[in-house]
2 protein chains.
Amino acid sequence: MSVMTEIDRQRRPGPRIEEVARLAGVSKSTVSRVINGEQYVSAKARDAVHTAITHLKYSPNQAARSLAGNRANAIALIVSEQGSRVLGDPFFAGVLRGVHAELTGRRIQLLLMLSRPEDHDDLLAYLASGHVDGALLVSLHGDDPLPLRLQEFGLPVVAGGRPLAAGSVPFVDSDNFTGGLDAVRHLVSLGRTRIATVAGPRDMAAGLDRLSGWRRGLGEAKLSADLVAEADFTPESGAIAMSELLDRAPGIDAVFVAADIIALGVLKVLHARGRRVPEDVAVVGFDDSLLASTATPPLTTVRQDVEQLGRTMTWRLLGELAGDSGLPPSLLLPTSLVLRASA
Amino acid sequence: MSVMTEIDRQRRPGPRIEEVARLAGVSKSTVSRVINGEQYVSAKARDAVHTAITHLKYSPNQAARSLAGNRANAIALIVSEQGSRVLGDPFFAGVLRGVHAELTGRRIQLLLMLSRPEDHDDLLAYLASGHVDGALLVSLHGDDPLPLRLQEFGLPVVAGGRPLAAGSVPFVDSDNFTGGLDAVRHLVSLGRTRIATVAGPRDMAAGLDRLSGWRRGLGEAKLSADLVAEADFTPESGAIAMSELLDRAPGIDAVFVAADIIALGVLKVLHARGRRVPEDVAVVGFDDSLLASTATPPLTTVRQDVEQLGRTMTWRLLGELAGDSGLPPSLLLPTSLVLRASA
DNA sequence: CTGAAAGCGCTTACAG
DNA sequence: CTGAAAGCGCTTACAG
């Protein structure tokens, strides 16, 4: 049973487009054209309309615009996650800030939708019927079919982070591979030779690509790439992974950790097992989240600009909505190594 | 210059209410009544309509509903913050989850709006013209006039956390006072007598009310309440505050910290200055965020249920929108002490 | 309990 | 460059 909450109605006050037109001495059509930034409007009419709008504090009714214009003037930010744990993640927060920044000044609303894979059908039905003009997708796991299914409905989509599913949707991601590679090169330059990694989950590109970068770095240095343990994005799993690694290879002198939050658990175990950081074991994280600078010791880490990621996703989506040609199908954003005490 | 991004249009496919009516053998009016859960519809008509809707996979056009019904079928979640730092906060994440959970199954969209105080005018103009039916406000600072101004516009509002501004808007908050009181009672029961506090910012009720609880607890035990330092919600400020306290009163044997994230800095300083926790100094935090269980040592803390806070705010707002009478103007949610190693 | 009709406030061909 | 008119897809008195 879908419980509908009734909402009491009473016509909201405030001017309509009609009144703006009257005050400006033009037709509703012209006011509409000015509002929508169309090209063929005389400067005189434009000024008169702007003046009237300001004077009346007019703000157009979005529902009417959407209905008449057959566009929603809204995009969805879809968080596809089992427990929607991402929400508290600095990654998500950064993306959200970026999306918002890019939307500022355009009259496009941001609808936030959380959807567990088992609810995807409802979500698809809803989105397919024109409630938004496009969708941004974050925290896709494994081969989640959501992006492709949305695309089939004809809804423009941009993913944040490279989706692993077969087929392709446009995405924006940090250059995780190069980030991992740079981390290892740095460790090698420090003279480290037993370089392990605590990798991210292998059902996400961020996990896989950072791992590939680590492998490539070891290959370049002709070092063996055998010390791999996996963790999800929690300190606890990082602690377990690090323990395993130390059991397997007590002589580890460096570790590249796929996320700062995982590194928290890694540092804890290293400390507990009597290894000094960086003297005995150098540690490099990934993200440059707030955690990195407050960790003990402060963490050398690969910085990714998540706010820029959010901005770029939004820019790419809006470009597609506007029918821009020549948009890059996908984009990779640069990362950079931030040196602190841990390596 | 407000850059408008044009969005290409082409009538979205999919059934309209007309087709549902035809298939069900009733009028559009009746279909509308069924969709809106109105009372006076025969069971027969209702069933026919439901069948037709399922069959056609009909999903009503929200814009048309909003325009005709003069309601937005949307509520705003407004984050009023300077740097929108809150977004990465577990507090915000929990509230968001709760809001979303409460909205599930009702056809009400959630619009996320971030607004810095200097942008409030734009936000007010936008909201005042009927784009949402109500607003949820979080992370209000000091005497931010936003909630009252929204109320003046006739927009139903519920704040998350007690607003400090004069006048009153409905709010839902955790019982911060009792939480602080319980924390101190626990410390007293442990035999501690020099009980300090690292309080939260005094421009937020969460800061003030937890501090009041601490004061009251000390009063009950006839202990002096002179050891107060203030911090904002960062580990760094917590570290500074704890250093000050130790300088002023080296004999401190307990400290109540207004938030787990602040406690991180407190623990760091205690460790650095050679105090064992809990042997020398017992520490109680607030929130029971993920940080509490992964801290060293794991943190005894006052748990608040932020997801419940989000749910309750939403329930209160929807109740008001539905015209329910007898709604409590404001609500205080219980907190509970979670015992771990630090106290 | 139900239907025909008006109307919500815009946008957009169309004609000029 | 501009305006009159139609129409977007619903909801809602009104009458029955």
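Throughout, a chain's letter reflects where its sequence line sits, starting with A, and its residues are numbered from 1.
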*Can you tell me if the side-chain N/O atoms of B:Arg71 get under 4.0 Å from OP1 or OP2 in D:dT12?*
yes
Measuring only between side-chain heavy atoms, which start at C-beta, is [X] closer than 4.5 Å to [Y]?
{"X": "B:Leu110", "Y": "A:Leu111", "result": "no"}
{"X": "B:Glu307", "Y": "B:Asp305", "result": "yes"}
{"X": "A:Met313", "Y": "A:Val138", "result": "yes"}
{"X": "B:Leu146", "Y": "B:Leu123", "result": "yes"}
{"X": "B:Leu137", "Y": "B:Val169", "result": "no"}
{"X": "B:Leu321", "Y": "B:Ile75", "result": "yes"}
{"X": "A:Val49", "Y": "A:Leu23", "result": "no"}

*Nearest-nucleotide wise, let me know which of B:Ser42 and B:Ala64 is further upstream toward the 5' end of DNA chain C.*
B:Ser42
_Dot-bracket line, read 5' to 3' along DNA chain D, where crossing pairs take [ ] and | marks a partner on another strand, Watson-Crick or G-U under 3.5 Å_ = |||.||||||||.|||
What nucleotide, of [options], holds the atom closest to the side chain of [X]?
{"X": "B:Asn36", "options": "C:dT2, D:dT11, D:dA4", "result": "D:dT11"}
{"X": "B:Glu38", "options": "D:dT2, D:dT12, C:dT11", "result": "D:dT12"}
{"X": "A:Ser29", "options": "D:dG7, D:dG3, D:dT2", "result": "D:dG3"}

Give the rounded distance in Å between these two atoms: [atom1] of [X] and [atom2] of [N].
{"X": "B:Arg22", "N": "C:dT2", "atom1": "CZ", "atom2": "P", "value": "19 Å"}
{"X": "A:Asn61", "N": "D:dC8", "atom1": "CG", "atom2": "P", "value": "18 Å"}
{"X": "B:Glu18", "N": "D:dG7", "atom1": "CD", "atom2": "P", "value": "14 Å"}
{"X": "B:Arg33", "N": "D:dT11", "atom1": "CZ", "atom2": "C1'", "value": "9 Å"}
{"X": "B:Tyr40", "N": "D:dA13", "atom1": "OH", "atom2": "C1'", "value": "15 Å"}
{"X": "B:Gln62", "N": "C:dC10", "atom1": "CD", "atom2": "P", "value": "19 Å"}
{"X": "B:Lys28", "N": "C:dA5", "atom1": "NZ", "atom2": "C1'", "value": "9 Å"}
{"X": "A:Lys44", "N": "D:dG3", "atom1": "NZ", "atom2": "P", "value": "11 Å"}

*Given the C1' atoms of D:dT12 and D:dG16, what is the spacing between them in whole Å?*
16 Å
*Which whole number of Å gives the distance between the P atom of C:dA6 and that of C:dT2?*
23 Å
_Side-chain donor/acceptor of A:Ser32 to base of C:dT12, under 3.5 Å_ = no
*By side chain to side chain contact (heavy atoms under 4.5 Å, CB included) - contacts of B:Leu327 (at least two apart)*: B:Trp315, B:Arg316, B:Glu320, B:Asp324
*For A:Thr30, which contact category applies under a 4.0 Å heavy-atom criterion: base, sugar-phosphate, or nothing?*
sugar-phosphate
*asked:* Need one value for A:Ala63: base, sugar-phosphate or nothing, where a base atom within 4.0 Å counts as base even if backbone is also close, heavy atoms only.
replied: nothing
